[in-house]
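Down below is the structure, laid out as structure tokens.
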Amino acid sequence: MSDQIRIVVAGAERQVDAGATAADLFADDPTVIAARIGGDLVDLARALRDGDKVEPVEISSDDGRAILRHSTAHVLAQAVQELFGDAKLGIGPPVENGFYYDFDVAEPFTPEDLKHLEKQMQRIIKERQQFVRRPVSDDEARAELADEPYKLELIGLKGGAGDAEGASVEVGAGELTIYDNVRRGGEVAWKDLCRGPHLPTTKNIPAFKLMRVAGAYWRGSEKNPQLQRIYGTAWESKEAQQEYLDRLAEAERRDHRKLGTELDLFSFPEEIGSGLAVFHPKGGVLRKEMEDYSRRRHEDAGYEFVYTPHITKANLFEISGHLDWYAEGMYPPMHMDEERDADGNVRKAGQDYYLKPMNCPFHILIYRSRGRSYRELPLRMFEFGSVYRYEKSGVVHGLTRVRGMTQDDAHIFTTAERMREELADLLIFVLDLLKDYGLDDFYLELSTKNPDKYVGEDEVWDRATDTLREVATASGLELVPDPGGAAFYGPKISVQAKDAIGRTWQMSTIQLDFNLPELFELEYTAADGSRQRPIMIHRALFGSIERFVGVLTEHYAGAFPPWLSPVQVVGIPIADDHVPHLDQVAAKLREHGVRVEVDTSDDRMQKKIRTAQKQKVPYMLLAGDDDVSKGAVSFRYRDGSQKNGVPVDDAVAEIVDAVRRRVQI
RNA sequence: GCCCGAAUAGCUCAGCUGGUCAGAGCAACCGCCUUGUAAGCGGUAGGUCGUCGGUUCGAAUCCGACUUCGGGCUCCA
């Protein structure tokens with residue numbers, strides 16, 4: 001077999017012996033752990049064929065990391081079955097930043113179990129077990145995996161293509177394969193149904209860590225049994241893993257729930273109930289600044305302000321369809337005004353009142369309160385409207401998922417002709433405003449019709465979706481499709497913003513609605529005297545104010561730009577004698593609306609600095625004899641830098657200017 | 001809603017297998033002290049150990065239910 005075959009390696013043509021493997025091509029580069037042949041990822045052990053186009057896959061590439069993580073998941077599963085003989089295997093795919101593997105075990109795993117499993121995994125890795133691919137027939141696979149009920153189920157699904165998250169990692173659309181983990185002596189230590197590819201050996205796992213255990217439904221459905229899922233992470237180097245762990249630690253430091261307590265912004269009193277926040281004075285300042293600025297911008301953009309109640313009779317939500325579609329997400333009704341006679345018979349039927357989960361029906365009633373002319377469209381109604389949603393108990397989370405929240409909600413009623421222009425303006429308005437709050441890295445998501453859940457005519461959907469897509473494309477931002485992600489009543493664009501450490505948050509949504517104008521029979525009189533139906537646009541910019549406070553807190557790590565800082569300036573006297581001087585400076589700042597405090601406590605100057613620093617106050621103004629004699633103050637900024645002997649008027653001007661321009665410092 | 005874990009002073013946490021175990025630091029309050037960029041010193045006060053029930057001679061500690069929180073799953077108009 002000295003025949004030669006011709007292949008293309010990383011773009012360059014080469015001749016190799018027939019029977020050569022991808023491993024032979026990249027033997028001198030240990031960072032290559034798999035290959036891509038003609039677009040398919042394959043093991044390095046794969047034999048090459050004439051004409052193959054081969055690319056190396058480095059362990060630090062996206063594909064390489066996924067393979068690394070998938071292989072690490074296998075090692076975890078092997079360790080689990082070695083330590084817990086009766087554990088049945090679910091699936092174990094790579095995910096962003098790591099992997100998981102699901103197991104059916106009699107007893108849930110404990111944190112100590114994770115430690116033992118990590119040790120066992122280390123042993124397996126040290127043994128340098130080879131991942132060996134072996135094609136099998138369906139029947140062979142069934143015979144070999146007779147003890148693995150979940151795997152058998154997957155075999156039955158083969159070809160049904162990816163209806164379960166992660167399942168496609170185990171069984172592809174083509175032939176089935178089993179991966180044997182082979183010890184150096186040739187003994188098969190373990191095996192798993194898997195499509196691969198895998199690392200050459202377990203020794204190719206440079207760094208991994210088991211992170212946590214959690215319950216997870218088999219194949220993602222509530223109706224299925226719940227398995228125990230172990231999450232882990234794996235990286236191409238110890239350094240890369242440490243960086244990842246550092247990133248997690250940084251996210252933890254920024255956690256708005258923690259900062260909310262430390263900075264005295266808000267809390268969630270148990271007495272009120274899950275998912276219901278109260279804002280303390282400092283959080284109140286922050287929120288008020290956010291709201292005030294938003295109001296001003298909305299005024300400038302031609303919005304009119306409306307106010308509506310928090311509860312309503314059921315009838316409103318019967319008309320709107322909310323009780324049909326979303327009743328389980330609503331707080332249960334309050335039954336009012338029922339009267340009974342002495343025998344307990346109903347004498348007067350009561351009424352059900354609901355807390356509102358959305359503001360739109362109320363705004364619609366305002367629209368419908370009188371006849372409307374095309375001349376007054378687009379009609380833009382804005383409200384900071386509080387809504388209540390009965391979120392399932394397990395999903396409530398800080399300020400980002402609550403049961404009571406205030407939306408910066410607007411509804412725009414427009415003619416079909418004007419829709420496009422209105423949407424284009426709206427998108428610019430939304431992005432501009434978000435930028436003023438300090439978010440400036442966006443992409444857009446276009447959620448289109450869910451074929452199983454929608455109302456309205458296809459033709460209207462298509463036209464609206466096209467319009468949204470055109471407007472989104474014209475913005476120049478990246479547009480990510482979200483097929484089937486639309487609400488039943490219309491397509492939407494959502495603005496996704498990346499924060500300071502690269503996490504994305506869904507912020508604003510701009511949503512078209514063909515349903516409610518129909519259900520409420522909204523009309524306007526057109527120029528030709530005919531009655532026309534307006535199109536309705538829902539849009540919330542912050543999503544909810546609570547959530548936006550949470551996002552901004554994490555984005556800024558609590559160090560808000562001066563205009564949003566609850567306390568903008570703290571005056572710190574070197575000694576008590578310098579207090580009067582700082583009081584004068586503070587008075588000047590207050591004349592300009594600056595939120596300033598002078599720290600007259602008994603603490604020493606150093607301690608006062610520490611206190612202000614921990615509260616992330618943007619400006620510390622110190623004054624001692626030198627400053628007082630010169631009519632000056634000395635700045636200390638949050639980064640620890642200082643600027644000494646600044647004349648008071650200059651200092652005031654600097655601060656006032658930064659607040660006015662809403663810059664971060 | 002489901003699985004797992006957690007709940008001790010305003011905050012962060014100690015308190016091992018039930019028997020001086022109700023503690024520490026910070027914060028608060030009261031004194032004393034005070035001159036240049038992240039903690040001066042001393043003292044005082046604070047908790048029915050999330051709630052309710054059970055086991056026990058005895059429960060912060062063991063068991064159950066509930067509440068709330070955390071991590072996931074599912075969900076997110």
Side-chain angles (χ1 to χ4, degrees), chain A residues 100 102 105 107-111 113 165 211-231 252 255 257-258 261-262 264 267-276 317 320-322 324-330 357-360 387 389-398 400-403 407 447 453 485-490 492 506 509 511 513 515-516 538 540 543 547 572-578 601-615 620-628 634-638 640-645:
Chain A
Y100 65 80
D102 289 343
V105 282
E107 294 293 319
F109 296 111
T110 66
D113 290 338
E165 179 204 359
M211 305 298 285
R212 60 173 65 96
V213 297
Y217 298 112
W218 168 240
R219 295 181 57 212
S221 168
E222 270 179 302
K223 298 184 191 84
N224 287 336
Q226 192 151 38
L227 307 181
Q228 288 297 309
R229 174 171 295 181
I230 298 181
Y231 279 92
E252 207 177 312
D255 192 315
R257 295 165 299 184
K258 190 174 141 80
T261 303
E262 286 172 7
D264 198 13
S267 61
F268 299 88
E270 192 175 325
E271 293 82 347
I272 299 178
S274 181
L276 298 166
F317 290 126
S320 70
H322 285 98
D324 293 334
W325 295 87
Y326 300 114
E328 69 183 34
M330 292 168 63
M358 289 187 95
N359 299 304
C360 27
V387 299
R389 298 177 178 180
Y390 194 75
E391 300 285 0
K392 288 199 275 183
S393 62
V395 307
V396 170
H397 179 94
T400 57
R401 197 80 182 268
V402 291
R403 284 179 169 170
Q407 296 180 312
S447 300
K453 195 181 177 188
F488 71 91
Y489 52 76
K492 73 170 175 202
Q506 176 175 318
T509 57
Q511 183 138 22
D513 188 346
N515 188 41
L516 288 177
H538 304 241
R547 185 164 180 280
I572 298 177
I574 302 300
D576 289 345
D577 291 350
H578 310 118
S601 70
D602 279 347
D603 291 328
R604 284 187 199 260
M605 176 265 297
Q606 286 86 346
K607 179 60 182 295
K608 292 177 181 180
I609 288 171
R610 179 180 152 88
T611 303
Q613 188 85 42
K614 282 183 34 170
Q615 286 298 302
M620 286 169 238
L621 294 184
L622 282 76
D625 283 344
D626 294 351
D627 297 292
V628 173
S634 294
F635 279 83
R636 177 187 164 102
Y637 301 94
R638 281 186 295 219
S641 64
Q642 42 180 299
K643 189 156 76 182
N644 298 326

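Within every chain, numbering begins at 1; the chains are lettered A, B, ... in the order of the sequence lines, protein sequences first and strands thereafter. Only heavy atoms go into these numbers, but all of them, side chains included; no hydrogens, no water, no symmetry mates.
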Legend entry - Sequence-aligned protein contact record of nucleotides 62-70 of chain B, with B where the base is within under 4.0 Å of a protein heavy atom and S where only the sugar-phosphate is: -----BSSS

Inset, instruction - Ignoring hydrogens and angles, state whether a donor on the side chain of His578(A) or Asp625(A) is under 3.5 Å from an acceptor on the partner side chain. - result: yes

Legend entry - Under 4.0 Å protein heavy-atom contact, by nucleotide of nucleotides 32-39 of chain B - B base, S sugar-phosphate only: -BBBBBBB

Inset, instruction - By nearest nucleotide on RNA chain B, pick out whichever of Gln511(A) and Tyr231(A) is the more 5' one. - result: Tyr231(A)

Inset, instruction - Please indicate whether Phe635(A) has more than 12 foreign heavy atoms, meaning atoms of other residues, nucleotides or ligands, lying under 6.0 Å from its CZ. - result: yes

Inset, instruction - Could you tell me whether a side-chain N or O of Arg403(A) sits under 3.5 Å from a main-chain N or O of Glu391(A), the two making a donor and an acceptor? - result: yes

Legend entry - Spacing of Lys223(A) atom NZ relative to C73(B) atom C1', expressed in whole Å: 14 Å

Inset, instruction - State which residues pass side-chain hydrogen bond (donor to acceptor under 3.5 Å, both in side chains) with Asp102(A); sequence neighbours excluded, sorted by chain then number. - result: Arg229(A)

Legend entry - Length of the CZ-P vector between Arg401(A) and C75(B), whole Å: 11 Å

Legend entry - Interatomic distance, Asp102(A) CG vs C2(B) C1' [rounded to whole Å]: 14 Å

Legend entry - Worked check of side chain to side chain contact (heavy atoms under 4.5 Å, CB included) between Thr509(A) and His538(A): CA-CA 8 Å; Thr509(A) 57; His538(A) 304 241; over 6 Å; no

Legend entry - For atom OH of Tyr326(A) and atom C1' of C75(B), their distance in whole Å: 12 Å

Inset, instruction - Would you mind reading off the distance between Arg547(A) atom CZ and A77(B) atom C1', rounded to a whole angstrom? - result: 15 Å

Inset, instruction - Would you kindly give the NZ-to-P distance between Lys258(A) and U12(B), to the nearest whole Å? - result: 8 Å

Inset, instruction - With syn defined as a glycosidic angle within 90° of 0 and anti as everything else, classify G71(B). - result: anti

Inset, instruction - Rounded to the nearest angstrom, tell me the gap between atom CG in Leu227(A) and atom P in C4(B). - result: 13 Å

Inset, instruction - Report the distance from atom CH2 of Trp218(A) to atom P of U74(B), rounded to the nearest whole Å. - result: 13 Å

Legend entry - Side-chain donor-acceptor contact under 3.5 Å, Gln642(A) with Asn644(A): yes

